[in-house]
2 protein chains.
Amino acid sequence: MEEQEHSLGGRVFQKIREDILSGKYEENDELRENTLGKEMGVSRTPVREALRQLELEGLVRIIPNKGAYVTGISHKDIWDIYRLRSVLEGICARWAVEHITEEQLNELEETILLSEFQMKKGSGFHTEQVTALDGRFHAVLYEASGSRILSHVLTDFHNYVRVARKSSILSEERARRSIREHKQILRAIWDRDAETAEQLANEHIMHVMQNLKRQGYEEE
Amino acid sequence: MEEQEHSLGGRVFQKIREDILSGKYEENDELRENTLGKEMGVSRTPVREALRQLELEGLVRIIPNKGAYVTGISHKDIWDIYRLRSVLEGICARWAVEHITEEQLNELEETILLSEFQMKKGSGFHTEQVTALDGRFHAVLYEASGSRILSHVLTDFHNYVRVARKSSILSEERARRSIREHKQILRAIWDRDAETAEQLANEHIMHVMQNLKRQGYEEE
DNA sequence: ACCCGAATGATTGTATACAATTATACAGGG
DNA sequence: CCCTGTATAATTGTATACAATCATTCGGGT
């Protein structure tokens with residue numbers, strides 16, 4: 001989607017978001033414009049823009065004339081996102097059946113093939129690559145829904161849970177199953193079987209949730 | 001939620017958003033920082049912040065070193081939002097059954113009573129008031145879901161379709177039905193009947209969609 | 001000792017200045 | 001006539017300066 005942000009403001013935005021999501025800051029930590037600016041060697045202006053954007057994303061709470069404070073995301077937030085994603089990814093797959101292009105179908109297949117290739121390397125496979133491919137698969141699917149709105153929401157969710165996602169594919173067992181499920185989803189879309197596509201995509205996320213549950217992201 | 005923005009940046013943000021949503025600008029119109037600033041009597045700084053935020057909301061597309069362009073929202077976007085809302089409002093009502101507080105229940109009842117009071121005035125009822133109360137009802141329900149995430153998404157959606165919503169309650173017939181449906185939803189939540197609450201909230205939005213369809217917001 | 005208040009310092013909000021990039025206009029050559 | 005290269009203007013990107021608001025500290029009074 002929006003790839004490399006070569007503007008300073010964009011980089012600052014991504015940097016702070018990354019730091020919040022990765023847990024560098026505590027809840028309610030105060031983010032001072034001057035401090036952040038000096039840390040990254042830029043002036044306050046790009047920092048301010050970034051903080052205002054982060055507020056809109058819900059990662060920062062700004063109190064006028066006072067300061068910006070880290071909101072962070074709780075385990076419940078992540079759990080909620082997955083509960084919603086399981087429904088929305090189902091809808092996404094359903095809509096994709098009617099809107100997906102040849103090119104997108106091929107791209108989905110390609111990510112699957114590349115993923116399998118990575119996994120063939122045995123237990124020493126590169127987590128980075130596999131998670132990136134997983135992200136790519138879903139991103140293409142979002143686009144294929146033909147809905148700017150749905151794609152936007154799901155992309156946001158995807159960014160939010162990036163941290164959790166990383167730890168979710170850690171197990172080789174889960175990674176293999178995930179790819180198998182991607183294949184099934186692609187197959188259903190290819191066959192223009194909306195019902196099955198929705199159900200499979202739905203279950204796909206549910207399986208990830210079961211995995212998360214084992215890692216402490218429990219329900220409430 | 002976020003009430004009065006007394007900061008300049010906040011006001012500029014809301015003003016531009018309002019102008020985009022109300023159709024003051026055409027698709028792909030270029031938004032020049034200097035021009036906008038002079039129009040509202042402020043400098044470029046608050047305008048820039050506003051534009052960056054609007055980009056995140058998807059209402060503006062920014063091309064680095066080039067400019068900001070209006071994205072606007074199509075009829076399909078609005079339609080998609082309602083399709084998603086019908087599902088998400090259902091989920092919201094379901095979750096609210098478990099999380100709603102006494103206070104929130106009372107507030108929901110109050111908005112209904114006030115709405116009925118407005119409608120009693122006969123055909124000369126105030127559209128402004130009724131739409132505001134409708135918005136209030138849903139806002140409280142979003143909060144009551146107990147999910148920051150879900151509330152955030154639904155609030156965003158709600159803002160997006162503000163224009164369409166206005167025209168959707170125009171008919172007195174629809175307004176009365178809407179209030180009746182709100183009453184039923186509240187009743188189901190009060191009775192802690194998650195199944196019914198979800199279904200009613202779902203259908204509530206569907207009915208609004210049927211109304212929109214008649215007004216040209218057709219499916220694709 | 002405790003409380004209140006003015007003065008000081010720190011931080012945000014906004015405006016302006018300057019640098020970098022992009023669009024436009026124009027002149028010259030093919 | 002059109003195409004191209006360069007100079008000029010316009011616009012965005014960033015930094016800095018100044019104003020407004022909030023926090024803190026210190027001194028006087030009770």
[X] side chain: which of [options] is closest?
X        : options                   : result
Val42(B) : dC18(C), dT22(C), dA15(C) : dA15(C)
Pro46(B) : dA15(D), dG13(D), dT14(C) : dT14(C)
Ser43(A) : dG13(D), dT14(D), dA15(C) : dT14(D)

Basic-acidic side-chain contact under 4.0 Å: [X], [Y]:
X         : Y         : answer
Glu181(A) : Lys183(A) : no
Glu55(A)  : Arg61(A)  : no
Glu18(A)  : Arg162(A) : yes

Please check this pair: side chain of His158(B) against backbone of Leu154(B), looking for a donor-acceptor N/O pair closer than 3.5 Å.
no

Whole-Å gap separating [atom2] ([N]) and [atom1] ([X]):
X        : N       : atom1 : atom2 : result
Phe13(A) : dT14(D) : CZ    : P     : 15 Å
Ile62(B) : dT11(D) : CD1   : P     : 16 Å
Leu51(A) : dT12(C) : CG    : P     : 9 Å
Glu49(B) : dA15(C) : CD    : P     : 11 Å

Just N and O in the side chain of [X]: are any of them under 4.0 Å from OP1 or OP2 of [N]?
X        : N       : answer
Arg44(A) : dA15(D) : no
Arg48(B) : dA15(C) : no
Lys66(B) : dA23(C) : yes

Both Gly41(A) and Asn65(A) contact DNA chain D. Which one's nearest nucleotide lies toward the 5' end?
Gly41(A)

Would Glu107(B) and Arg136(B) satisfy salt bridge (charged side-chain N to carboxylate O under 4.0 Å, His left out), going step by step from the backbone distance to the final call?
CA-CA 9 Å; Glu107(B) 200 163 354; Arg136(B) 183 99 201 100; 2.4 Å; yes

Once the angle between the rings of Phe137(B) and His182(B) is folded into 0 to 90°, is it parallel (under 30°), tilted (30 to 60°) or perpendicular (over 60°)?
parallel

If we ignore angles and hydrogens, is there a donor and acceptor under 3.5 Å between the side chains of Tyr142(A) and Glu89(A)?
yes

Identify, residue by residue, the members of residues 29-39 of chain B with a heavy atom below 4.0 Å from DNA chain C, and return them in order of residue number, or none.
none

